[in-house]
Structures are given as structure tokens and as C-alpha cells.
Q: 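The structure's right below; bear with me while I get my questions together.
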Amino acid sequence: MTVKQTPLFLLVAALAIVGSFAQVGSVQAQDATPPPPAATPSDDEVNAVAKNMYCPVCENVPLDVCPTLACQQWRELIREKLAAGWSEQDVYDYFVLQYGDRVLAAPPPTGLNLLIYIAPPVLIAAAFYVVWQMMRRMRAAGNAVTAGSEMQPAKPKDEYQARLEDELKRLDRGD
Amino acid sequence: MNESMESPDDMVTNKVGGGWGRALAWVFVLAVLAVIAVQLRKTMEGGILLNEKAPTFTLTLFDGGEIGPAEMQGKVVVVNFWASWCKPCEEEAEELQQAWEYYQDRGDVLFLGVDYVDTETEARVYLDRFGITYPNGPDLRTSISQAFRITGVPETYIISRAGDLFYTKVGPFTSLQEILTLVDQALAE
Amino acid sequence: MIANLGYGALVITLLVCLFGTGAAIYGEVKKQPRWVDSARNAMLLTFPLLTVASIAIITLLVTNAFEVDYVQSVTSRSMPTYLRVTALWGGQPGSLVFWSWLMALFASAATLRDWRRDREFLPWVVVVSLVTLAFFLVLIIGFENPFVRYWATPSGSVVTAMFQPNGTTLYTPFDGRGLNPLLRHPGMIIHPPMLYLGFVSLVIPFAFGIAALITGRTDDRWIRLTRRWTLWAWLFLSLGLILGGRWAYDVLGWGGYWGWDPVEVAALLPWLTATPFLHSAMIQEKRNMFKHWNMLLIILTYVLMIMGTFLTRSGVLSSVHAFAQSAIGPIFFAYIVLTLIVSLALLSWRWDGLKSEGTLTSWLSREALFLINNVLFIAILIVCLWGLFYPILTEALGVVGQWFPTLAHIFTGQKATVGPIFYERATGPLWAALLLLMGVAPLSAWRASTARTLGKAIWLPTAVSLVGIAAVLVLSDVRGLTALLALWLCMFVTAVTLFDFYRSAVARSRAHGTNFLVSLWQLAGRNRRRYGGYVIHLGVVLMAVGIIGIEIFQTETQASLKLGETLSLGRYSIRYDSLAEFDTDDNRNVARAVVTVFKDGEQLGELYPRRDFFYESGQPMTIPGVRSSVEDDFYVLLVNWQPISTQTATFKIYLNPLVNWLWFGAAIFILGTFVAAWPEREPAPVRESRRAAAAEAIA
């Protein structure tokens with residue numbers, strides 16, 4: 001990486017971040033399954049859907065592994081709906097309508113909920129920009145200093161001088 | 001609201017950006033605190049208060065149709081939150097039904113079953129099993145339970161004719177007499 | 001009697017804290033060192049006092065003193081003694097006392113140093129520590145008193161009170177309610193104390209930072225004084241998080257180690273600021289830069305630590321980890337507001353005195369890369385904070401919908417769930433970028449580093465890692481860009497780190513004529529912080545391998561089996577042999593299945609996945625049967641079964657490849673922290689002479 005490329009790297013990093021968020025939003029859409037066969041859906045098919053859901057009774061435990069009776073019933077409901085030929089997205093929509101937004105593992109990227117996907121990448125990009133600006137400024141200052149003298153005082157000296165300065169300042173303040 | 005974190009960056013820049021950055025950082029920090037404060041108040045306030053206006057709601061019934069504020073107007077309303085997966089709910093199911101049959105013909109008492117986070121299939125099995133005939137419906141989007149700030153099921157709220165909360169029962173009723181006494185008191189008020 | 005003694009100790013400690021705070025400030029303002037010394041003695045006194053209080057609680061817990069509310073709520077007769085002792089942190093009041101006790105221990109240890117050189121810090125370090133301690137004591141005494149007892153009134157009802165109300169007699173229930181079942185696990189016994197240790201030891205660097213701000217001695221002295229504290233704090237915090245993960249993996253039965261539960265995220269937050277602080281503190285030491293930034297990071301770390309505790313204990317976040325709802329919310333909140341405002345105001349006030357003295361000379365210098373590392377950590381923090389507050393925000397914004405009914409369809413006040421999928425996808429690339437930096441940064445030099453010098457150092461490890469990834473492509477069926485990229489990153493960082501060790505050791509062995517291994521040992525001994533850091537990096541890479549394994553390659557399947565039927569997943573399969581359901585002494589109903597595990601058709605042994613149902617709390621708990629190897633974990637869950645006949649049972653099985661590297665990496669990581677943090681004697685004579693020289697110069 002050359003010196004000039006570094007800002008570019010930052011930019012790419014920022015884009016990657018934004019990109020990764022775009023992915024999150026599309027998570028529900030990408031798993032659209034073809035219409036299932038008439039046979040009873042297997043446990044694995046049910047779990048694949050349940051994995052992205054949470055029931056309000058046992059907070060923070062994903063539906064596919066939650067051991068409570070309520071969650072068992074929910075899984076059976078998913079099985080019923082899948083057997084009726086519903087798509088995965090249909091099931092999510094039905095559950096949201098019945099039990100509210102919080103059944104989904106991540107808020108659907110619509111309306112106010114877009115905020116959750118937009119805010120972090122924007123803020124992170126802003127943070128990168130700010131730091132990049134800061135570094136550029138510091139570097140400009142640094143070049144100005146080092147242009148004259150190649151040698152900077154060695155570290156122990158630095159510390160020594162800092163201490164000395166400190167002591168002097170203290171003396172000036174009179175404590 | 002990650003702003004509490006965003007602030008450092010702002011504060012680093014404000015060296016150059018002037019007082020604006022610093023002001024912005026403070027605004028962000030205060031905004032975060034405000035949101036936490038709102039939530040904290042909500043957490044602390046507990047259940048809805050007796051003798052205050054009870055939340056209004058519309059219940060969509062399993063058998064079709066709706067019951068809204070208009071149908072509840074001027075009646076004593078017994079709102080029972082239940083679920084088919086809830087074992088303690090079964091203890092009071094028969095008593096609630098008997099109480100409903102006792103008051104049904106009067107016309108000024110309404111029993112409503114709000115089915116919390118349940119599947120329709122199981123709910124219907126449960127209603128059949130206990131022969132429940134008073135209006136029952138799902139708590140769509142859990143909005144009714146949120147309005148009543150319930151802490152679990154079963155939980156029962158008795159609302160007076162004036163629409164104020166008359167009584168709150170957490171857990172199952174222990175006897176038919178208990179329900180009748182309370183509803184009579186609400187009617188007499 | 002014992003209860004009164006413990007309560008007395010708590011009250012006296014609070015008074016001592018208040019006295020110490022006052023004395024320190026008075027002594028500093030009036031320039032009367034006697035008062036400051038007195039404040040320091042007050043600080044030292046808190047530890048023995050809180051020891052008395054803690055021993056009092058433990059005595060009550062061990063002796064079945066069920067007349068005490070706390071004892072009754074966390075122990076029962078059937079519990080073994082060691083669990084009774086650990087019940088000290090099994091509930092809100094006890095854990096607050098435990099927290100304060102650790103806090104007093106650490107603050108006292110920090111106070112015991114030789115203060116001659118840093119006299120001006122002393123009063124403020126004492127003030128910050130004592131104020132923190134006093135806050136927790138107020139919580140305990142005012143809201144969560146562990147010594148409250150039951151009293152029977154003449155009318156037959158039972159009340160709880162600290163002191164005997166008139167006309168009542170002491171009431172002793174026969175048995176207690178017992179410890180929360182989730183806490184009866186070895187991992188859970190050590191997990192909270194580790195987190196508490198991490199939290200309380202973070203108070204020390206914060207106290208010194210605030211002292212530096214107040215006194216205006218804003219050079220890097222405060223960082224030098226506390227760097228070891230910070231490292232230990234970081235070690236405990238990391239250890240607490242890792243143990244929590246292990247516990248979740250062993251007990252919670254969802255095939256994972258980290259569920260991005262709100263409380264887990266809350267505990268991660270201080271770690272996300274403490275880690276960049278460790279790194280950027282180094283820059284301040286070496287280059288006198290980023291002073292504002294370091295101050296901000298330590299303030300944030302402290303505030304996030306208090307906030308994490310607050311979120312867990314106030315009931316604002318609901319979670320498996322949350323304590324029962326409690327009245328301490330508002331005062332906790334007030335304290336957070338106070339610390340945040342006071343410390344940020346102090347920072348604003350000293351802003352100009354904290355100007356960077358060093359300058360940035362190269363984009364590729366180590367300080368520049370460290371800064372990027374910091375930004376990445378902050379980015380992860382932003383994601384986590386946002387995910388944590390988003391559900392609260394959506395609920396709180398419901399108010400807007402209530403005020404303006406036209407907007408009600410947007411601001412519904414509906415609670416949202418922010419699950420693992422959000423955190424994983426959002427932070428994944430950021431973690432990867434951090435891993436890359438971990439590889440590059442150690443190769444770059446302080447101050448000046450050019451693309452050429454860096455390239456020279458980097459080409460060999462890059463080549464080695466590319467060969468490695470080619471080998472993976474040829475030898476295994478791992479495909480997919482994400483997986484390959486992630487594995488390459490791990491190999492790259494490993495190669496860089498080992499290469500650096502090797503190069504330095506060879507150089508040293510040439511220069512000193514010692515053999516390679518001896519040189520390596522001496523090298524690590526001479527610059528422990530640096531090489532300890534490298535060992536930590538290696539540990540992180542190994543952990544990353546484990547995380548990649550479980551996140552990307554985890555497979556699972558579930559099916560109902562009749563007795564004798566088998567279910568396969570990859571090269572493994574299980575056979576359902578039997579199932580027994582029985583009640584235990586400690587009030588559980590256990591359903592325990594026996595399954596035989598086969599790999600490639602060969603019998604490996606039996607596993608016993610089970611479901612415990614706790615009658616008291618009405619909660620089921622799924623405990624997996626796990627077979628571990630270096631390669632993978634075979635993880636079996638009992639999902640459901642036919643009662644009584646037990647003819648069929650449903651099992652869920654996971655294959656978690658490489659997951660044990662996570663635990664192995666964690667061990668290396670801890671070892672590295674020990675290497676880096678082990679006390680070294682300060683080269684005091686040199687400093688002293690320097691100081692003398694300074695004094696001379698001044699004179």
C-alpha cells in the first residue's frame with residue numbers, strides 16, 4: 001500500500017461497512033423457498049424458519065431452540081403453514097401481523113425500522129472521515145516540523161523534558 | 001442513540017470544528033440519557049392504576065367480528081388474559097365460564113378473553129375443552145397486553161361502567177365466588 | 001446478631017467513605033496534608049469493614065439463617081456448602097456487597113503505593129474511589145439491604161424489616177427458595193466474580209485519569225501509573241466474558257456460546273473501549289499523542305461499566321441475565337448522569353492542556369495504524385450501542401405516536417428485537433479489519449514507516465499465508481469467499497507474529513551468542529509488554545479460528561427417533577437407546593436420554609442430553625450432551641419426547657467444527673495477558689535521579 005492509497009483504503013473500508021449493512025436488510029428476502037411439497041415439512045425445514053424468530057414469552061432465546069410449550073406450539077404453527085404451501089416470507093408476515101414486530105430476529109427494513117440499518121454505517125463512515133481529516137491535519141503539521149530537522153529527540157529525553165516542563169510550570173503556578 | 005459514542009469523535013474534531021461539535025456532543029449525550037430515562041420510567045411505573053381510565057382497545061374475535069369501545073360502553077368488562085400453553089390458566093377457565101353464564105342475560109356485563117401469544121389451533125382446542133362461550137380473540141401484535149402492561153398470564157382486569165379500572169387480578173381466580181363478588185362490587189359502584 | 005453486625009459494618013463503611021471524601025477535598029483545598037493522609041487511611045479502612053460485612057453474609061448463608069430475607073431467597077437446605085458461599089453473588093443485595101468488597105480491595109491496593117512522586121494525585125484518586133464505593137453502599141443500605149429479616153406480627157402476617165418492629169417476633173421459615181437453577185454451574189460460579197473484578201479494577205485507571213484532569217498534570221504519568229491496573233482489569237473482563245460464553249455453550253443448549261443477548265452486549269461495551277484504550281495509551285507513552293482521546297476512552301469505559309451494571313440490575317433490559325426488578329433504577333440513573341456530566345465537563349475544562357505534542361509523520365506509522373484500530377473498535381461499539389438501544393428507542397418513540405395520532409402508524413411503540421443476525425453481519429467486517437490490522441501494525445515502526453519498509457517486513461508472512469490458504473483449498477472442501485478470506489487473515493496474522501518472534505530471537509542470538517531458545521526466552525523477558533501482546537494476538541487468532549468454525553461451518557439437523565433408530569449428520573450419527581424421567585432431591589424433574597454416537601460407522605461412546613425442569617421457577621433447561629475433539633464438537637440436544645412410553649424422542653444435533661480452538665485460544669490469550677501484566681520492578685533509581693536532575697535544573 002502506498003502512502004496515497006491509505007485514504008482510499010479507508011474509503012473502501014467504509015464502503016464495505018455500508019455494504020455489510022445492506023446485506024442485513026436483505027436477509028429475510030433471500031431465503032425465499034420454492035413452494036414446498038405436500039408432505040409434512042421436516043423439523044429441519046421448520047427450524048430453518050424458526051431460527052430467525054423470537055417469541056415474546058422467552059425473550060432472547062431463538063425460536064428453533066426454545067424449550068417452552070409456547071414455542072413448541074409456534075413451531076407446530078410454522079409446520080402447518082409450510083404444509084399449506086406458504087413461503088417463508090408469508091410465514092414471517094403472518095407472525096408479524098399476529099404477534100408484532102419483535103418476533104423477527106432483526107426488524108424488517110421498512111418504515112421507521114430503516115433507521116437501524118442506516119444509522120450505524122452513516123455514523124461509522126462519519127467517524128472514519130473525521131479521523132482521516134484529523135490524521136491529514138496532523139500529518140501536515142508533522143511534515144512541517146520534520147522538514148527542518150530530520151532528528152527528533154529520543155524517547156527518554158522526551159520524557160525528561162516533559163517532566164522538566166511540568167516541574168517548571170508547577171513552580172510558576174506557585175504550588 | 002449510539003451518540004454517547006459518537007460524541008468522542010465529535011469532541012476530537014471540535015478542536016477544529018469550533019464550539020458546534022462540542023455542543024452537538026452534549027446534545028447527543030443528553031438524548032441518550034433522555035431515552036434511557038423514558039424507558040426507566042416505563043419500567044418503574046409497574047401495572048396500570050386502579051380507578052384511572054383503563055386502556056381502550058378493539059378485540060378481533062376468533063369467530064369473526066370485533067368488540068370495540070362502543071360495545072364496552074356502560075358495561076362492566078372483565079378482561080381475562082390467557083394462553084393455551086399456560087397451566088395456571090386452566091385452573092380458572094371453568095369458573096370464568098360459569099361466571100359468564102351467570103351474568104350473560106343481564107346485558108351489562110361483558111367477559112372478554114384475550115389470547116396472549118398463542119396459536120389459533122391450540123387456542124380453539126382449549127376453548128372447546130372448557131366449553132368457553134364468551135367472546136375470545138387473539139391479542140394481535142400483542143398490543144392489548146402491552147397497553148395493559150401485563151406481567152404474565154393469567155391476569156384479569158375488571159373495568160367499571162365508567163371505563164375505569166376497578167380491579168386487577170394477577171394469577172388465577174381461586175373460586176367462582178371470588179369472581180362473582182368482584183363483579184357484583186363493580187356493578188354496585 | 002450477625003445480621004446486625006454486618007449491617008453495622010455497612011453503615012460505618014458508608015460513613016467512612018463520606019468522611020474520607022470530605023477530608024480529601026478539604027485537605028487538598030486547604031493544603032493540609034494531614035487531612036489527605038486521613039482520607040487515605042479511611043480508604044484503607046473500607047476493606048476490613050466490608051470484609052466483616054461479607055463474612056457476616058456468608059456466615060448467615062452457610063448456617064441456614066432463613067430468618068434473613070436474602071438467605072431465604074437464594075439458599076435452601078439441600079444446597080451444598082460451596083454453593084451457599086457462592087450464593088453471596090447469587091442475588092441483587094449480596095452481589096452488590098460483593099462488588100463493593102472487591103472495589104474496596106482494589107482501591108486499597110492502589111492506595112498502598114508509594115505516593116511521594118505523585119502526591120498531587122492522591123486526594124483525587126481517593127475521592128473518585130470513595131465516591132464510587134459510597135454510591136454502591138447507598139444502594140445497598142437504602143434499597144437492597146441483605147440483612148433484612150422476617151418478623152411475625154401478632155396478627156399472624158409476616159413483615160420484612162432490618163430492626164424488630166414493635167410487638168413482633170423473629171420469624172424463621174423452615175426452608176429457603178434455593179439458588180436460581182441457572183446459577184448452579186461451575187462456570188456461573190466464577191463468571192460473575194471475574195466480570196466484577198474487571199469492572200472494579202477499571203475504576204482505578206478512571207480515578208487516576210480524573211485526578212490528572214483535576215490537578216492539570218496531564219502528561220502521561222497517570223497512564224504509566226495505571227497501565228498494569230488496566231491490563232489486569234482487561235484480563236478479568238475478558239475472562240469474565242469468555243467464561244460466560246463457555247457457560248452458555250454448556251448449559252443454555254442452543255449450540256452457541258454468544259447470543260448477543262442485551263446483557264451480554266452491555267457487558268461487552270466496556271471491553272470495547274478498554275481494548276482501544278490499552279492500545280492508544282501506548283501511543284501516548286511513546287509519542288505524546290491522543291491525550292484527549294485516551295481521557296475520553298477511560299471516561300467512557302467507566303460510564304459504560306456503570307451503565308452495564310445499571311441495565312442489568314434495573315430491569316430496563318429484560319434478559320436471562322437480568323436480576324429481579326428493583327427500585328434502584330432511578331438512583332443508578334442519577335449517578336450515571338452525574339459522572340458523565342462531571343467527567344466530560346472536566347475534560348472540556350482541561351481540553352487545551354491536553355494538546356498532542358507529537359505529530360503524525362506517516363500514514364503507515366504504528367501510531368496511525370493504532371488510530372485506525374481505535375476507530376474500528378469504536379465502530380463496533382457504535383453498532384452494539386445502537387443495537388442495544390434500538391428496542392428501547394422504538395418503544396420510547398411510541399410516545400410520538402400517542403401525541404400525534406397521524407404519525408401513529410410510523411411510531412407504533414412496538415418493541416423490536418435486535419438479534420444476533422444484526423450484530424454478526426454488522427460487526428463481522430469490522431472484526432475482520434481489526435484482524436488484518438493486528439497483522440500489519442506490529443510490523444510498522446513508530447513515527448516513520450514507509451510502504452517500502454513495511455513491504456519488506458510483510459512479504460514473507462504474506463507469502464507463507466497464501467501458501468497456507470492454497471493448501472486449504474487443495475486439502476479440504478472449504479469454499480466460499482468469506483470463509484477463505486477469514487482463514488487467510490488468521491494465517492496471515494499468525495505468520496506475522498511468529499515471524500517477528502523468530503526474527504528478533506535470531507538477531508538476539510547472533511548478537512549475544514546464545515542459542516535460539518534462550519534468546520527467545522530472554523527476549524520475551526526483556527520486553528514483556530510487547531511479547532505478551534503478541535501472545536495475546538496469537539490467542540485472538542486461535543479464538544477467531546474457533547469463531548469462524550462455528551459461525552460459518554456449523555451444521556445442524558433435527559428429527560424424531562423411535563428407540564433404536566439413528567440420525568446422521570456429516571460423518572457422525574446417533575442412535576436413540578433409552579430415556580428415563582425422574583425427580584431429584586433438589587426439586588428438578590429430569591428427562592435424560594441415552595444415545596450412542598458413531599463416527600464413520602464406528603462406535604465412539606454414549607452421550608446423555610437431558611432436560612431439567614425446575615418446579616420452583618417453572619423453567620425448563622436444556623443441557624446438551626457434547627463430544628469434543630480438536631476438529632469439532634458433536635453437540636446433542638433433547639428437544640422432546642413421548643412421556644411415559646418413551647418410544648420416541650426428538651433430538652437436535654449440531655456439528656460445530658473447530659469450536660474448541662476458541663477455548664484453547666482463550667487460554668493462550670490469558671497466558672499472554674499474564675506475561676504482559678506480571679509486575680515488573682520499575683527502574684526507580686533512574687527515575688529518581690532524573691527527578692533529582694529536574695529539581696536541580698529548577699533550582
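Bear in mind that the values here come from a model prediction, so they are computed numbers and not experimental data. First the proteins, then the strands, lettered A, B, ... as listed; each starts at 1.
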Q: Roughly how far apart are A/Leu104 CG and A/Asn52 CG, rounded to 0.5 Å?
A: 8.5 Å
Q: Give a yes or no on whether the backbone of C/Ala591 and the side-chain of C/Arg610 come within a donor-acceptor separation of less than 3.5 Å.
A: no
Q: Which one of A/Asp101, A/Val46, A/Val103 has the most heavy-atom pairs closer than 4.5 Å to chain C?
A: A/Asp101
Q: Is it the side chain or the backbone of C/Leu397 that comes within 4.5 Å of chain A heavy atoms, both, or neither?
A: side chain
Q: Could you tell me whether C/Asp118 and C/Arg221 make a salt bridge, using a distance below 4.0 angstrom between a side-chain N and a carboxylate O?
A: yes
Q: Tell me, for C/Met289 versus chain A, whether the close heavy atoms (under 4.5 Å) come from the side chain, the backbone, both or neither.
A: side chain
Q: Could I get the full list of ring pair (Phe, Tyr, Trp, His ring centres under 6.0 Å) partners for C/Trp260, not counting sequence neighbours?
A: C/Trp258, C/Tyr423
Q: What part of C/Thr394 is in contact with chain A, defined as an atom under 4.5 angstrom from a non-hydrogen atom: side chain, backbone, both or neither?
A: side chain
Q: Which members of residues 67-76 of chain A, sorted by number, sit under 4.5 angstrom from chain C on a heavy-atom basis?
A: A/Pro67, A/Thr68, A/Gln72, A/Arg75
Q: When you check the gap from the basic side-chain N to the acidic O, do A/Arg79 and A/Asp43 get nearer than 4.0 Å?
A: yes
Q: Between A/Lys51 and C/Glu556, is the closest basic N to carboxylate O distance under 4.0 Å?
A: yes
Q: Non-hydrogen atoms of chain A under 4.5 Å away: do they reach the side chain of C/Asn374, the backbone, both or neither?
A: neither
Q: Should the pair C/Arg224 and C/Trp222 be classed as cation-pi, given the thresholds of under 6.0 Å to the six-membered ring centre and 45° from the axis?
A: no
Q: Return the option, out of A/Asp44, A/Val65, A/Leu112, with the maximum number of heavy-atom pairs under 4.5 Å with chain C.
A: A/Asp44
Q: Are C/Trp254 and C/Thr622 close enough that some pair of their side-chain heavy atoms sits under 4.5 Å apart?
A: no
Q: Need one label for C/Pro391: side chain, backbone, both or neither, based on atoms under 4.5 Å from any heavy atom in chain A.
A: neither
Q: Can you tell if the side chain of A/Tyr117 reaches within under 4.5 Å of the side chain of C/Phe422, non-hydrogen atoms only?
A: yes
